[in-house]
Asks: 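Next up is a structure, given as structure tokens.
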Amino acid sequence: MDRLALVVPCYNEEAVMKISSEALRGVLQDLIGKKKISEDSFVLFVDDGSKDKTWELIEEEHRQHKNIKGLKLAGNVGHQYALTAGLFTAKNCSDVTVSIDADLQDDVSVIEEMIDKFHVGNDIVYGVRNDRSSDSFFKRFTAQSFYKMMAVMGVKTVYNHADFRLMSKRAVEQFSEYRESNLFLRGIMPLIGYQTDCVYYERKERVAGESKYPLKKMLALAFNGISSFSVKPISLITTLGIIIICMCFLAAAYALWSYFTGHVTAGWTSLILSIWFLGGVQLVSIGLIGQYIGKIYIEVKQRPRYNIETFLGETDESEKKYI
Ligand code: UDP
Ligand code: MG
């Protein structure tokens with residue numbers, strides 16, 4: 001049977017720790033009872049440098065319950081990194097992981113469905129919310145604009161999926177090959193490319209405490225998402241430059257017409273044309289330099305160029321080493 005690890009990043013979550021631990025232990029017990037996961041499955045709480053009693057509470061839970069593990073990071077690194085630390089730690093001692101927020105906004109009852117989908121061969125199962133009525137108008141609007149913007153910029157993401165997802169051991173291992181420092185997990189997951197599926201749920205209110213994602217952090221995440229996966233903004237500069245050069249020809253026609261019809265100040269025509277033309281040339285040049293910087297950017301990430309899903313052939317060691 002497969003050993004499941006529930007990975008939960010926590011930052012200043014003292015208000016929810018007890019409730020969360022109880023609910024997640026309940027999920028494990030239920031799945032163990034149904035023989036869908038092994039008995040040594042566990043919850044891994046990752047303390048992301050909390051300043052309150054979160055870690056003390058995790059320690060207490062660990063003492064009291066054998067299926068609670070804790071990982072304390074040395075300082076606050078943010079949700080994406082805390083989650084990554086948890087996944088990489090969990091992958092060494094589990095077969096499948098599910099990442100979920102500590103505040104129980106994501107519906108724990110769909111974890112069973114995720115496990116079922118894992119058992120029929122999916123390596124990643126995305127938790128997708130099918131309704132945003134618990135969000136404020138502002139959050140809904142900004143989130144939807146963000147997904148649309150990502151799509152325009154050519155970044156593949158799963159619409160309305162945050163970081164509630166199941167990943168098999170090999171999916172986490174493949175993810176560990178993405179060595180970039182600026183992590184935007186929702187952008188990387190679709191690149192991994194194994195068989196995936198979705199489960200749908202209704203997102204609830206936080207059980208207790210405040211959101212740890214203020215607007216500033218949300219905007220930073222959105223910018224990181226776009227700039228880490230797309231060099232399209234650079235191409236936009238080049239396009240703008242070309243448009244300006246084209247407009248320069250229109251301006252030239254107008255300036256020459258004004259010159260010949262004779263009501264211009266001396267020097268205006270050449271001045272205005274140089275301004276437009278040079279402006280355009282400069283933008284095209286910056287865009288061109290940008291294209292190279294974009295390529296360097298992609299190179300330095302050293303992302304894997306392909307991920308192998310299956311290899312049909314001899315499985316002895318001599319062939320394995322060539323894969
Ligand atoms: N979180 C974290 N580090 C941070 C901020 C948040 O580990 O720097 C955790 C937090 O404890 C929670 C999850 O990330 O488990 C999502 O945060 P939150 O619920 O505050 O975000 P929201 O749901 O409001 O977008
Ligand atoms: Mg939340």
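Numbers for residues simply follow the sequence, beginning at 1.
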Asks: Roughly how far, to the nearest 0.5 Å, is CD of Q80 from CG of L183?
Replies: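 Nearest 0.5 Å value for the CG-CD distance: 7.0 Å.
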Asks: Side chains of S21 and E61: do they bring a donor and an acceptor to under 3.5 Å?
Replies: yes
Asks: A side-chain contact here means heavy atoms from C-beta on lying under 4.5 Å apart; do R25 and N67 qualify?
Replies: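 A side-chain contact exists here, since the closest heavy-atom pair is under 4.5 Å.
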Asks: Whether R303 and E177 form a salt bridge (side-chain N of Lys/Arg under 4.0 Å from carboxylate O of Asp/Glu) is what I want to check.
Replies: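 R303 and E177: not salt-bridged.
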Asks: Could you state the interatomic distance from CD1 (I293) to CD1 (I286), rounded to the nearest 0.5 Å?
Replies: 10.0 Å
Asks: Are E39 and R3 within salt-bridge range, i.e. N to O under 4.0 Å?
Replies: no
Asks: What residues join V300 in its hydrophobic cluster, counting side-chain heavy atom gaps under 4.5 Å, either direct or through other members?
Replies: I296
Asks: Measuring from atom CD of E180 to atom CD1 of I298, what distance do you get when rounded to the nearest 0.5 angstrom?
Replies: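 Here the rounded value is 11.0 Å.
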Asks: Please test L83 against Y81 for side-chain contact (heavy atoms from CB on, under 4.5 Å), starting from the C-alpha separation and ending with a verdict.
Replies: CA-CA 5 Å; L83 181 52; Y81 300 95; over 6 Å; no
Asks: Which pair of heavy atoms, one from L191 and one from Y178, lies closest together, and at what distance?
Replies: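 Heavy-atom minimum between the residues: O-OH, 3.5 Å.
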Asks: Quick check: do K34 and E112 have side-chain heavy atoms less than 4.5 Å from each other?
Replies: yes
Asks: So, taking the atom named OG1 in T196 and the one named CG in L166, what distance separates them when rounded to the nearest 0.5 Å?
Replies: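 Answer rounded to 0.5 Å: 11.5 Å.
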Asks: Answer yes or no for K301 and Y297: cation-pi contact, defined as NZ/CZ to six-membered ring centre under 6.0 Å and angle to ring axis within 45°.
Replies: yes
Asks: Less than 4.0 angstrom from a charged side-chain N to a carboxylate O is my criterion; do K72 and E59 meet it?
Replies: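 Salt bridge absent between K72 and E59.
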Asks: Within this structure, what is the CG-CZ distance for the pair D106 and R165, rounded to the nearest 0.5 Å?
Replies: 11.0 Å
Asks: With no hydrogens and no angle check, just 3.5 Å: does a side-chain donor-acceptor pair link Q105 and R203?
Replies: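 On atom types as modelled, these side chains qualify, holding a pair under 3.5 Å.
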Asks: For residues N307 and Q174, report the shortest heavy-atom separation together with the two atoms involved.
Replies: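 Smallest interatomic distance, heavy atoms only, reads OD1-OE1, 3.1 Å.
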Asks: In Å, rounded to the nearest 0.5 Å, how long is the span from CG of L271 to CH2 of W276?
Replies: 13.5 Å
Asks: Would you find more than 12 non-hydrogen atoms of other residues, nucleotides or ligands less than 6.0 Å from K217 atom NZ?
Replies: yes
Asks: Any chance you could lay out the side-chain contact (heavy atoms from CB on, under 4.5 Å) test for F42 and I68, step after step, and finish with the verdict?
Replies: CA-CA 6 Å; F42 59 93; I68 298 284; over 6 Å; no
Asks: Distance-only criterion, 3.5 Å: show the donor-acceptor pairs between side-chain atoms of residues 120-129 and protein atoms not counting sequence neighbours.
Replies:
unit_1: N122; atom_1: OD1; unit_2: Q195; atom_2: NE2; d: 3.2
unit_1: N122; atom_1: ND2; unit_2: K117; atom_2: O; d: 2.8
unit_1: D123; atom_1: OD1; unit_2: S168; atom_2: OG; d: 2.5
unit_1: D123; atom_1: OD1; unit_2: R170; atom_2: NE; d: 3.0
unit_1: D123; atom_1: OD2; unit_2: R170; atom_2: NE; d: 3.4
unit_1: D123; atom_1: OD2; unit_2: R170; atom_2: NH2; d: 2.9
unit_1: R129; atom_1: NH1; unit_2: D135; atom_2: OD2; d: 3.0

Asks: Is a side-chain donor or acceptor of T157 paired with a backbone partner of Y159 at a separation under 3.5 angstrom?
Replies: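 Not at all, since once roles are kept as given, no pair shorter than 3.5 Å links the two residues.
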Asks: Check whether any side-chain N or O of S50 sits under 3.5 Å from a backbone N or O of D52 as a donor-acceptor pair, and report yes or no.
Replies: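 No, the answer is negative, given that no donor and acceptor are paired below the 3.5 Å cut-off.
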Asks: Within the supplied structure, the quantity of interest is the number of heavy atoms (other residues, nucleotides, ligands) at a distance under 6.0 Å from E56 CD; does it exceed 12?
Replies: yes
Asks: Angle class for the F175/F88 ring planes (parallel below 30°, perpendicular above 60°, tilted otherwise)?
Replies: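 If you compare the ring of F175 with that of F88, the planes turn out tilted.
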Asks: Under 3.5 Å, is there a donor-acceptor pair between the side chain of Y147 and the main chain of H161?
Replies: yes
Asks: Does S20 reach the main-chain N or O of A102 with its side chain, forming a donor-acceptor pair under 3.5 Å?
Replies: yes
Asks: If only atom types and distance count, is the side chain of K212 paired as donor or acceptor with the main-chain N or O of E210 below 3.5 Å?
Replies: yes
Asks: Using a cut-off of 6.0 Å, state whether more than 12 heavy atoms not belonging to Q144 lie near its atom CD.
Replies: yes
Asks: Evaluate the side-chain proximity of V8 to V46: yes if any heavy-atom separation is below 4.5 Å, no if none is.
Replies: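 Of all side-chain heavy-atom pairs linking V8 with V46, none is under 4.5 Å.
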Asks: Give the minimum heavy-atom separation between V158 and C198, together with the two atoms involved.
Replies: CG1-SG, 4.4 Å
Asks: Considering all heavy atoms of both residues, which atom of K91 and which atom of K169 are nearest to each other, and what is their separation?
Replies: O-NZ, 2.7 Å
Asks: Under 3.5 Å, is there a donor-acceptor pair between the side chain of S230 and the main chain of S227?
Replies: no
Asks: If we only count heavy atoms from C-beta on, is the F118 to M167 side-chain gap below 4.5 Å?
Replies: no
Asks: Which pair of heavy atoms, one from D163 and one from S99, lies closest together, and at what distance?
Replies: O-OG, 2.8 Å
Asks: Is F45 linked to V96 within one hydrophobic cluster, defined over Ile, Leu, Val, Met, Phe, Trp and Tyr using a side-chain heavy-atom separation of less than 4.5 Å?
Replies: yes
Asks: Taking the side chain as every heavy atom from C-beta outward, state whether I188 and F229 have any atom pair closer than 4.5 Å.
Replies: yes
Asks: Please list, chain by chain and in numerical order, all residues satisfying ring pair (Phe, Tyr, Trp, His ring centres under 6.0 Å) with Y11, sequence neighbours excluded.
Replies: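 Checked Y11 against ring pair (Phe, Tyr, Trp, His ring centres under 6.0 Å); zero matches.
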Asks: How about NZ on K53, more than 12 heavy atoms from neighbouring residues, nucleotides or ligands closer than 6.0 Å, or not?
Replies: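 No - once you tally the heavy atoms of other residues, nucleotides and ligands closer than 6.0 Å, there are 12 at most.
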Asks: Between E113 and Y201, do the side chains contain an N or O donor and an N or O acceptor separated by less than 3.5 Å?
Replies: no
Asks: Within the structure provided, determine whether D48 and P9 are in side-chain contact (heavy-atom separation under 4.5 Å).
Replies: no
Asks: Say whether, by atom type as modelled, one donor and one acceptor occur between the side chain of D2 and the main chain of D95 under 3.5 angstrom.
Replies: no
Asks: Quick check: are there more than 12 heavy atoms from other residues, nucleotides or ligands sitting under 6.0 Å from NZ of K295?
Replies: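 Not more than 12 within 6.0 Å, no.
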Asks: Would you indicate whether the side-chain heavy atoms of L240 and I237 approach each other to under 4.5 Å?
Replies: no
Asks: Can a donor-acceptor pair be found, under 3.5 Å and without considering hydrogens, that links the side chain of N12 to the backbone of K51?
Replies: yes
Asks: S41 side chain to I37 main-chain N or O, any donor-acceptor pair under 3.5 Å?
Replies: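 Looks like no, no N/O pair under 3.5 Å.
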Asks: Do S285 and V281 have side chains that get closer than 4.5 Å, going by heavy atoms?
Replies: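 A side-chain contact under 4.5 Å exists here.
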Asks: Charged N to carboxylate O under 4.0 angstrom, R206 versus E13?
Replies: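 Looking at R206 and E13, the cut-off is met.
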Asks: Hydrophobic cluster membership, with links at side-chain heavy-atom distances under 4.5 Å among I/L/V/M/F/W/Y: are Y259 and W257 in one?
Replies: yes
Asks: Tell me whether K148 contacts the main-chain N or O of A143 through its side chain, where contact means a donor paired with an acceptor under 3.5 Å.
Replies: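 Checking the backbone N and O of A143 against the side chain of K148, no donor-acceptor pair under 3.5 Å is found.
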